[in-house]
Structures are given as C-alpha cells and as structure tokens.
Amino acid sequence: MTNDNEYKLRSMSNPIGVMRKKVTDDRERRSLIRAPSESSTNNPGVTVTSAAGEPELATDQDVTPVFVYVLAFFSALGGFLFGYDTGVVSGAMLLLKKEMHLTALWQELLVSSTVGAAALSALAGGTLNGLFGRRICILMASFIFTAGGVVLGAAPNKEVLLVGRITIGLGIGIASMTVPVYLAEVSPPHLRGQLVTIYTLFITAGQFIASVVDGAFTYLHHNGWRYMLGLSIVPAVLQFFGFLFLPESPRWLLQKGLTQQARQVLSRIRGGQNIEKEYNRMRSNIEDEEKDAGGGLVLWRMLTRPPTRRALTIGCGLQMFQQLSGINTVMYYSATILQMAGVRDDKQAIWLASATAATNFLFTLVGVWLVERVGRRKLTLGSLIGTALSLTVLAIGFLLSAQHSPAVTLHPTDTSLNSTSCTLYGSCEPCMLDPDCGFCYRENGSTVYDSSCIPVKQTSADEAAWGRCSNLSQVSDGSLWAYNYCPTSYSWIVLLGLILYLAFFAPGMGPMPWTVNSEIYPLWARSTGNACSAGVNWICNVLVSLTFLHVAEYLTYYGAFFLYSGLTVLGLLFVLGCLPETQGRRLEEMEALFSGNLCSCSASDWDGDGSRNILYNRVKGSDILSDNDASDME
Ligand SMILES: O[C@H]1[C@H](O)[C@@H](O)[C@H](O)[C@@H](O)[C@H]1O
C-alpha cells in the first residue's frame, strides 16, 4: 500500500476540492512543514499530513511546466479529429446523397463503416501500443487521418469515399485508445483527471467545429462535401508535425528497458526539475508490477487476476453504458428534434444542430472543472441520474406528441396511387415512422389541416415523390413537408429533454468512461485494458446507431427513449455498486481498490469510511512524487 517514509495519510471527510483550496490559502504556513527526512531542496512538493497532523511525506510539484500543456494540446488533437470526423459526416451526407445519388444502403455504409473500422483498430491498438509505444501510435493515427482526409477530399466516386471513411475510422480507433493513456502517463499527478478529461473536451470541440463547417459549406451545393470531409487534414497534419518533436511516454520507455531515454524525457516533461526520486520510484514500481504480472498473453493475465479482471469489467461496462444511454442518437437526432420544435427551414435546423454540439462542448467544460473537485464516482453517478431523468422527459415529449399526432385528412382519389402503404395511414405518427413516407400538410397557427401521407422521393427525403409537396420551391399554398417528424405542440417538452440531456450527460458520462479507463489498470495491462474498453465503446456505438431507426419503428420514438432511459438506470446501478472512487489514489493502490468482489462498493465505503480515504496536503520543499505513485492524487 503506501510508503510510510514518503506519504502520510489522513482520514478524509471533506471533498478534496475543499482541501485544495485550503491548501492554497495556507501555502505560507504549510511551507514551513517539512518531512523529517527531507533535505532542503528547491523542489516544490507535497506533504501529506496524518490524522494527528504530523508531517510524514513530502512530494510532488506545485508548478506545472508549460510543456505539459503543449503535450496535452497536441495529443488531445486526436480527440478533436475523432469528434470532427464522426460529426462532419451528417452534413456532408446531405450534399453527397444528391451529388452521388446515394441509396439509403450506401449512406448507412459511409456513416457506419468509420465507426466499425474504429472498433477494430481500437482493439488492435493495444498490441500496437505495446510494440511501438504511444508516440508512434499517435503519429500513425495522425498520418492515417491525413491520408484518409486526402482520399475523402479527392474521391471521384462512392467506392473511393468508402475507402476514405474506413481509413479515417482506423485512425480514430487508434487515437481513441492511445491518447487518454499517453495523457495520463505524462500528466503531473494533480492534473491528471483534468488533462484526460480535456481529451473528451476536444472530442466535443471537434463535433462542434464539424457542425459549423457543415453549416458553412451546405451553401456550396457543388463539392461542398469535399471541403467538409477534407478539412480534417489541417489538425491531422498539425498533430503529425507536433508529435515529431514530442517525446514518448517515460513509462513505456522504462517498461522497454530504455532507462536513459526515460530519464531524459521525464526531466524534459518536468521542466528540468529534479526528477531522481520520481524516476527511481517509477522504475521500481514498474519492475514490481512486471514481476507480479507474470508472463503470457496480457488479456489472459488480466482475466485470470481478480483485480485486473474487475477493473476491465468496470472499464468496459462504463464505455458500454455511455453508448447505451443514447448520446449519439440524441446528437444525430437533434436536427429532427429541432424541426419538430418548429424550425421548418433546413438551413436553420443545421445551424441549430451546431447549437446542440456547442451545448455538449460547454457542458463537457463543466466536467473538466468538476472532475478534480467532486471526484469521478460522484460525477458519474450524478450524470447518470440526470441523464436517465432527461431521457424520460424526452420520451414523455415524444409520447404526448404521438398521442396528439395530427390526422390525415386528404386521401388521394387516384386509385393507382394506392399501391403504396403511405396512403393507408390515418395519422402522422405511423406515417413518419415508415421510412418510405412523409407527411404533407398546411398549418394555421398550431392547427394542422389539408394533410396527407405520401411516399418520399427516392433521391431526396426533402420532398414527396408526387403531389403538392413534390416541388416545394414552386408551391404557393403554404404546404409543408415533414419527413421523420410530426408537427406537434408538445415539441417544447422534447426540446427541454434534449437540453437537459446534454447538460447532464456531457460533464459526467461523456468524459468519465475515458478518464477512469486511463487510470484503473496497472502499466502492464494499460494498453490492453484501454484497447478493450475503447473497442467496446465503438462496438456499442455501431449497435445503437444502426438499430435506432428499427427500434423506433417497432417501439416508436417514445419507446426507444424509454428504453435508453431504462438502460441508463441499469448503468446507474452498475456504477453505484461497482465503481470505486479513483481520485486521490496512487496507482499502486488501484490493485487493492479493485481486489474485492466485482460490485462490492457502495457510497459509504468510498466516501464515508475514513479508513479508506486519503488526504494529501501540498506543501513546498520536498521531492517530486512519481507519476506512478501519485497519478491519482488530488
Ligand atoms: O465521450 C464521447 C463524447 O461524449 C461524444 O460526444 C460522443 O459522441 C462519443 O461517442 C463519446 O465517446
């Protein structure tokens, strides 16, 4: 457990955030406290005080070298590319399907091939990380992103587009599992939670910028999609050249026996401060871990050792529940939700979808702020409760909209047209749930009249196949065409649900699965653990997005959102019982933290029982704590 010569622990009942503030306020007083064994150095550090108040430990840095932020920025660009490339496709598809006459199957292929390829390459990323290191994997990912961007931007036909989308997916998968690991390994202990959470902030920033780019280029009907898809080359090239000059993770170097390089890199990352003690401790911890871990296939070793098996189950479970709570359906579906809420103009709906992405981004920022203040467990639990409730609000909004769905009042008199199922529906709800049909209507205030259910045009869902809604630019009687939604006066509830959903999901369930996964595995299992959990994230992402329309067809929209809400409640129970608080813990404590039964933690265990909680106080004048020791410290 703890090394008593260097650490002093004290029962903790107050949140670490409070403690940190106190620490800052009391800097002057604390700077007088020194571990008895400490020599007087210029290195800023941490003293951990016991319950009795006597100093036992002094470690860690007070000053964060700027270089760490440079590293964090360039590596988090991988998250930006992940967000950009998954987000940009919906806008590009609007133009592509017209220009390349894409069938629904091709549209689906172009969207989900990227996510599918990401799942495969995330799984393979564990081996690549072990063999080549984090830096080479990030360079590899940015090279793949660049190549994919060039292919997409220049694609002459849909087959080449598919190759480009698969290529991009391969880059996303590698980046998504490597970047959090790299960030966790180079961050100074007290910043680790925040820096890894910044990775998710960059994902949501990428999604937001993608939606703005989509908005800007939709006006360019010819070739607009080339710019949308090709622009990802810019951050990819930036990351590639940046990483040519950035170092490998010192821990990976140590694991590979490259001790001199590891020492040099650590000193560079720590801004030239004295790293001897940190280096030695890191080295001996890695050696101990390696000895403990034994030989053989890493995944097998992880599965046969209870603590790593438990960590893996929790890591994969978190990633699974993140996707099962329907984030990507909500993001993807936001334009339609906004149309339901009365935004009739397509272009306006696209811009408002950027507002959704911006909301996701802004609330992730709240997560970055909260992660070191309330801890991972509380943040995740709070987020899950809010997410489940807001999904219920969304579902109720859809339910009320369905119950008050406007009736079909006009039926075609030409019997030859009755061969389509669309004309048989009596109200808008079943009509819009049928992917082949849309609702054509006129409105007076909130009253819908002159309504009919008509097949959608094969080439574009923006118009009907025939009738007054088939040529909307020429229409003079004010007819409107609703595809995928019904005009309803309950749409405000749906809109409220959407905003609440993002406000609760984005600070917790968005970033925490990535953050927690980057810190719960011992070094020997870290690449494999993150590869598996990122793979689970991508597989569940494909499953949820591919099944959404079918689920909606069978269960209706409200059924689908009630289902997501139920799955989120399951996630809540899982986290409540199984996720221990990892904040404020050293990595070598993780083993103990995960050594009980799978779901053996409850809030009282981890928040109330002082014997399991640790308080670290920062003071000046001590040695630097190793990442390995303290990467979980506040
Ligand atoms: O953490 C991220 C983030 O929440 C994104 O908004 C979402 O699209 C991703 O699927 C998820 O992994």
Side-chain angles (χ1 to χ4, degrees), residues 76 78-90 111-112 114-119 122 168-169 172-180 183 193 196-211 315-334 353-368 370-371 376 379-380 383-384 386-387 390-391 498 501-518 530-546 548 564 567-568 571:
F80 182 90
L81 284 158
F82 158 175
Y84 184 89
D85 281 314
T86 48
V88 80
V89 69
S90 55
V111 176
S112 27
T114 306
V115 185
I168 289 279
I172 296 179
I174 297 177
S176 71
M177 65 102 357
T178 311
V179 172
L183 273 171
V196 183
T197 306
I198 282 179
Y199 160 72
T200 319
L201 186 72
F202 270 56
I203 300 178
T204 54
Q207 290 172 328
F208 169 57
I209 298 294
S211 66
C316 292
L318 276 176
Q319 292 287 23
M320 178 179 84
F321 283 115
Q322 180 197 66
Q323 292 302 316
L324 294 188
S325 60
I327 174 66
N328 291 308
T329 302
V330 172
M331 292 282 285
Y332 177 74
Y333 200 61
S334 64
S354 314
T356 314
T359 314
N360 193 17
F361 170 74
L362 288 176
F363 281 101
T364 310
L365 208 58
V366 175
V368 173
L370 283 178
V371 63
R376 289 58 158 155
L379 190 54
T380 312
S383 167
L384 279 165
T387 302
S390 36
L391 281 166
L498 173 76
Y501 179 91
L502 291 171
F504 282 109
F505 178 90
M509 267 319 265
M512 284 312 107
W514 299 107
T515 305
V516 169
N517 268 287
S518 76
N530 277 276
C532 292
S533 59
V536 167
N537 180 292
W538 289 109
I539 290 168
C540 294
N541 188 331
V542 186
L543 277 181
V544 174
S545 30
L546 279 188
F548 175 69
Y564 294 144
L567 291 169
T568 308

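Remember, it's 1-based here, ligands and their atoms both numbered in the order they're listed. Values reported hereafter were calculated over all heavy atoms of this structure, with side chains retained and with hydrogens, waters and symmetry mates removed. Numbering starts at 1 and runs along the sequence shown.
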the protein heavy atom lying closest to atom 6 (O) of ligand 1 turns out to be Gln207 OE1, 2.9 Å

Note: ligand 1 atoms sitting under 4.0 Å from heavy atoms of Asn537 are 12 (O)

Taking distance alone, with no angle check, do Asn328 and ligand 1 share an N/O pair under 3.5 Å? yes

Shortest non-hydrogen pair, Asn328 vs Gln207, comes out as OD1-NE2, 4.5 Å

First locate atom OG of Ser211, then atom OH of Tyr84, and finally report the distance between them rounded to the nearest 0.5 Å. 10.0 Å

Any idea which protein heavy atom is nearest atom 11 (C) of ligand 1, and the distance to it? Gln322 OE1, 3.4 Å

Answer yes or no: does an N/O atom from Thr200 fall short of 3.5 Å to an N/O atom of ligand 1? no

Main-chain N/O of Met509 paired to Gln322 side chain as donor or acceptor, under 3.5 Å: yes

Ligand 1 versus Met509: contacting region, heavy-atom distance under 4.0 Å: neither

What about Gly510: any of its N or O atoms under 3.5 Å from an N or O on ligand 1? yes

Relative to each other, are the rings of Phe82 and Trp538 parallel, tilted or perpendicular (30° and 60° limits)? tilted

Using a 4.0 Å cutoff against the non-hydrogen atoms of Phe505, which atoms of ligand 1 qualify? 4 (O)

Give, for atom CG of Asn530 and atom CE of Met177, the distance between the pair rounded to the nearest 0.5 Å. 5.0 Å

Relative to each other, are the rings of Phe548 and Tyr564 parallel, tilted or perpendicular (30° and 60° limits)? parallel

May I ask you to list the atoms of ligand 1 that are less than 4.0 angstrom from any heavy atom of Asn360? 6 (O)

Please determine whether any non-hydrogen atom of Met331 lies less than 4.0 Å from an atom of ligand 1. no

Numbered atoms of ligand 1 (with element) below 4.0 Å of Trp514, judged on heavy atoms: 1 (O), 2 (C), 12 (O)

Could you grab the distance from atom OG of Ser325 to atom CE of Met320, nearest 0.5 Å is fine? 11.0 Å

dist Thr204:OG1 -> Met331:CE (nearest 0.5 Å) comes out at 8.0 Å

Yes or no: does Gln319 have any heavy atom under 4.0 Å from an atom of ligand 1? no

